[in-house]
Amino acid sequence: MNIWIYALKNDIEIKDIENYKNILVGDIIFGYIQIIENGGFFIVKKLVKKEDGQVEENDIESIKVDLPYSIMYCCKGGRFLYKLQKKEINFLLNEKILDDSKNKEEIDENIREKGGENIILYGVPGSGKSHTIKTKYPNNEYTFEKLVFHPDYSYSDFIGQIMPIVKDKIVSYDFIPGPFTNILKKAYNDPSGKYVLVIDEINRGNAPAIFGEVFQLLDRDKNGNSDYAINNENIAKIVYGKDDIEKPIKIPSNLWIIATMNTSDQNVFTLDTAFQRRFSMQLVKNSFDKKIQEFESEEKYNEYKNFIDKKILNTDVSWQIFCKTINSVISDNENDVSSMEDKRLGVFFVRNDDLENKEKFAHKVLKYLWDDVFKFDKDKLFNKNKYHTLEEVIERFVNEDEKSQFDIFIDDVKAMLYV
């Protein structure tokens, strides 16, 4: 039995596709579409070649797949059937969609992983929130679904939405699941697995509106299961199957929801007390003093040590010294500087290549300090007697070497850098 895939097009019948003659009896053919609104790919049709030469359509639910560009290219816009290789089958499809004849198995709740919780990691920009997720929830133990909230992100993007689907020139309307529903289904049907929904920049979207009635599920018991349930036929159809659409929805104990939030962000949505109460708020400390246990391996720890001690190009000042110096200026002037301490530079605010390129460093770090941190109090850090614009500051830093690069700062700060 071979597995094929092709792009559904209104004006192309499957038997008219140029290599249809290569389909053998018993082969399975999947048809996919792309939703223009979100760019996602969904398998919406399953065909099986029968002994009489006809193709029989099996009823399936729309399934979101991460379709590689290489496969999409091979399908030639619906004019070619692509035969999936074994590794591609394992990547794209699951056993259930391949064999609908198997009886539905009961979920063994006795083996379900416990401990799932809702967490918001917050701290200054670059403090290491993503690093914390990587080290506490390693890829070899957890399965991830990642997304980013933004002002235009909605309930429909997060939970799912009903979209028009064209099958055999007939328009039908199917519920297309969003990332929350997708990972909820995976976690429910795999009780021994650990699943994590990562929401970056949770306060950049209207979180209560995005969660909608799912907000009720965020209260958890000591094992990590939702205390309360909701009824939603669309979610239930995806998670439990079309025969259990009345079954109440709950977050299982093997699903973690982990969000990140920058404390310095401006013009973003505030998280109300009721919403925050349902999350464990965990501050990611902005510290260079990290232990080897906080890293995936000794090699990663050594890379980190080399990074923080790396010198800014053409200077004798390491990133660690520079960062600590600037942060001390911010903290010491907290009563005068309008930006407050949550504007401090994070340990991971820059990357290695930023330290190796003066222009990159200037446009990322100096611009942030000039435009954001010391926006109304520039003379607390910068030498305003000589440099009146950001352009002049960047030009001096880029064109000079060694100590002269830091002439852009007031004398006290320059002295602190070279103690």
Side-chain angles (χ1 to χ4, degrees), residues 3 28 30 40-43 46 58 60-68 84 86-119 133-134 136-147 158-160 175-199 211 214 217-259:
I3 309 295
I28 296 176
F30 290 107
F41 294 94
F42 295 84
I43 289 178
K46 177 182 177 182
N58 293 171
I60 63 169
E61 303 295 338
S62 300
I63 299 170
K64 185 178 181 180
V65 291
D66 296 320
L67 192 69
L84 294 170
K86 184 176 179 180
K87 63 180 181 180
E88 295 169 333
I89 295 172
N90 294 336
F91 174 74
L92 286 175
L93 308 172
N94 56 44
E95 186 176 354
K96 183 178 178 183
I97 188 176
L98 289 173
D99 189 357
D100 289 332
S101 65
K102 294 186 182 241
N103 293 325
K104 185 177 179 181
E105 297 180 1
E106 288 294 325
I107 303 297
D108 185 359
E109 292 296 334
N110 294 320
I111 65 171
R112 187 172 295 281
E113 288 284 345
K114 297 178 174 60
E117 56 183 328
N118 315 316
I119 299 170
I133 293 174
K134 285 175 62 178
K136 289 187 70 173
Y137 306 92
N139 284 325
N140 61 342
E141 293 183 29
Y142 294 83
T143 300
F144 290 84
E145 182 91 31
K146 298 181 180 181
L147 59 124
F158 187 55
I159 305 299
F175 178 74
I176 305 300
F180 174 81
T181 304
N182 281 326
I183 199 165
L184 184 66
K185 174 184 178 180
K186 293 175 184 177
Y188 172 76
N189 289 288
D190 180 20
S192 62
K194 297 179 180 180
Y195 291 82
V196 179
L197 176 65
V198 177
I199 305 172
F211 273 81
V214 170
L217 306 182
L218 297 178
D219 280 311
R220 306 238 201 166
D221 62 24
K222 63 180 182 180
N223 292 326
N225 296 297
S226 292
D227 275 328
Y228 309 105
I230 62 170
N231 292 103
N232 185 307
E233 290 187 1
N234 288 322
I235 298 177
K237 188 177 181 181
I238 298 297
V239 176
Y240 307 129
K242 60 185 177 182
D243 297 328
D244 288 320
I245 60 174
E246 300 295 332
K247 188 173 180 177
I249 305 297
K250 281 191 170 186
I251 295 175
S253 60
N254 62 328
L255 175 56
W256 282 254
I257 300 176
I258 303 176

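Counting begins at 1 with the first residue of the sequence.
- In this structure, Lys247 forms a cation-pi arrangement with Tyr240, its terminal cationic atom sitting closer than 6.0 Å to the ring centre and no more than 45° off the ring axis.
- Ser253 places a side-chain N or O within donor-acceptor distance of the main-chain N or O of Glu113, the cut-off being under 3.5 Å.
- In this structure, Asn110 CG and Asp108 CG are separated by 5.0 Å, a value rounded to the nearest 0.5 Å.
- Listed for the Asp190 side chain is no donor-acceptor partner under 3.5 Å among the backbone atoms of Lys186.
- With Ser226 contributing its side chain and Leu217 its backbone, the two residues share a donor-acceptor pair below 3.5 Å.
- A heavy-atom distance below 4.5 Å is not found between the side chains of Asn234 and Pro177.
- In this structure the side chain of Tyr137 never reaches within 4.5 angstrom of the side chain of Val198, judged on heavy atoms.
- A side-chain contact (heavy atoms from CB on, under 4.5 Å) with Phe144 is found for one member of Leu197, Ile183, Ile258, Val196 and no other, namely Val196.
- Under a 3.5 Å cut-off, the side chain of Asn223 and the backbone N or O of Lys114 do not form any donor-acceptor pair.
- Looking only at distances, a side-chain donor or acceptor of Trp256 sits under 3.5 Å from a matching main-chain atom of Gly115.
- Sequence neighbours left out, the pairs with a member in residues 223-241 that pass salt bridge (Lys or Arg N to Asp or Glu O under 4.0 Å) are Glu61-Lys237.
- Asn118 places a side-chain N or O within 3.5 Å of a backbone atom of Leu218 that can act as its donor or acceptor partner.
- The side chain to side chain donor-acceptor pair (under 3.5 Å) search around Glu109 returns Arg112, not counting sequence neighbours.
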